[in-house]
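Treat the numbers as computed from the prediction; the structure is a model and nothing was measured. Each chain gets a letter, A, B and so on, in the order its sequence line appears, and its residues count up from 1.
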Amino acid sequence: MTDGEPAAAEARTRLRTALEGDPVGAARELLGAVLRHGPVALRVVETEAYDGRVDEASHSFRGETDRTRVMFGPAGRLYVYFSYGMHWAANVSCSEVGHGAAVLLRAGEVIDGVEFARDRRGPRVTDRDLARGPGRLTQALGIDRRHYGADLLAGTEIDGVPLRLEPRTHAPEVATGPRVGISRSVDLPWRFWIPGDRYVSAFRPGQRR
DNA sequence: TGCACGATGGACT
DNA sequence: GTCCATCGTGCAT
């Protein structure tokens, strides 16, 4: 514990620096990081980068709106959006102020508070499926529009429940491939995951219509 | 003011 | 593998 404090401070600095940089580097650095909301903690195993400057699939590509505002603000804030009329998706804003970019958290392993996560997800959901997929991930953590804009690096309380992003303790292997479920800028290999990790989401080749 | 369309998940064949 | 529920958002009227 005596040596732990400087190492922890260094890890926090490395995470902040990565988030303030480009979304691809941020998406890589977030693999292995832990998002903690109250009793539930999630180890991130799959991410996707979205960069409004060059990326037609990014919500920020057409500029700042009420919805996308937080993507254009400081790095390390939670960008939450509602998808398909029923799912919430969690993203971490990155890059410098004025640059609309974020990293989508696609999947993770619930490492604390499994029973709380299962209360939200349903009694028959396996541990593996608790947060395997963007909609499942937010449901397991209990994240929704109330958490829009939360400062994940400083840590904040929403409705009395603390929400915080903790840096990883070691760098995992990283695999790269095309993003899932989008119809534009499909060639950018901006999906990142921990190879072989059983909590990575199922690969769904881009379909639609 | 209207409306097409998802950065999906779950149920079902 | 296929189907479809469901609604906020942004752009077209």
In whole angstroms, how far is the [atom2] atom of [N] from the [atom1] atom of [X]?
{"X": "A:E56", "N": "C:dC11", "atom1": "CD", "atom2": "P", "value": "13 Å"}
{"X": "A:E46", "N": "B:dA7", "atom1": "CD", "atom2": "C1'", "value": "11 Å"}
{"X": "A:Y81", "N": "C:dG10", "atom1": "OH", "atom2": "C1'", "value": "15 Å"}
{"X": "A:H59", "N": "B:dT8", "atom1": "NE2", "atom2": "C1'", "value": "12 Å"}
{"X": "A:Y84", "N": "C:dG8", "atom1": "OH", "atom2": "P", "value": "16 Å"}
{"X": "A:F82", "N": "C:dG8", "atom1": "CZ", "atom2": "P", "value": "6 Å"}
{"X": "A:Y148", "N": "C:dT9", "atom1": "OH", "atom2": "P", "value": "9 Å"}
{"X": "A:R67", "N": "C:dC7", "atom1": "CZ", "atom2": "C1'", "value": "12 Å"}

> Which pair of non-hydrogen atoms, one from A:H147 and one from A:G142, has the smallest distance, and what is that distance?
Replying inline: CE1-O, 3.3 Å
> Nearest heavy-atom pair of A:C94 and A:A75: which atoms, and what distance?
Replying inline: CA-CB, 3.9 Å
> Is the A:F82 ring parallel, tilted or perpendicular to the A:W88 ring (thresholds 30°, 60°)?
Replying inline: tilted
Candidates [options] - which lies nearest the side chain of [X]:
{"X": "A:Y50", "options": "B:dA7, B:dT8, C:dT9", "value": "B:dA7"}
{"X": "A:Y79", "options": "B:dA7, B:dG9, C:dG10", "value": "B:dA7"}
{"X": "A:P134", "options": "B:dG9, C:dG10, C:dG8", "value": "B:dG9"}
{"X": "A:R136", "options": "C:dG10, B:dA7, B:dG10", "value": "B:dG10"}

>> I'd like to know if the side chain of A:H99 pairs up with that of A:D51 as donor and acceptor (distance under 3.5 Å, no hydrogens or angles considered).
In response: yes
>> With no hydrogens and no angle check, just 3.5 Å: does a side-chain donor-acceptor pair link A:R121 and A:Q139?
In response: yes
> Near DNA chain B, which residues from residues 85-101 of chain A have a heavy atom under 4.0 Å away?
Replying inline: A:G85, A:H87, A:N91
> So, is A:S83 close to the B:dG6 phosphate, meaning a side-chain N or O under 4.0 Å from OP1 or OP2?
Replying inline: no
> Does A:R132 place a side-chain N or O at less than 4.0 Å from the phosphate oxygens OP1/OP2 of B:dG9?
Replying inline: no
>> Counting only heavy atoms from other residues, nucleotides and ligands, does the tally under 6.0 Å from CD of A:E173 exceed 12?
In response: no
> How would you label the contact of A:R121 with the nucleic acid (heavy atoms, under 4.0 Å): base, sugar-phosphate, or nothing?
Replying inline: sugar-phosphate
>> At 4.0 Å (heavy atoms only), tell me whether A:R145 reaches a base, stays on the sugar-phosphate, or touches nothing.
In response: sugar-phosphate
>> Please name the nucleotide paired to B:dC12 by Watson-Crick or G-U wobble geometry with both distances under 3.5 Å, or report none.
In response: C:dG1
> Within 45 degrees of the axis of the six-membered ring of A:Y50 and under 6.0 Å from its centre: does A:R179 put its NZ or CZ there?
Replying inline: yes
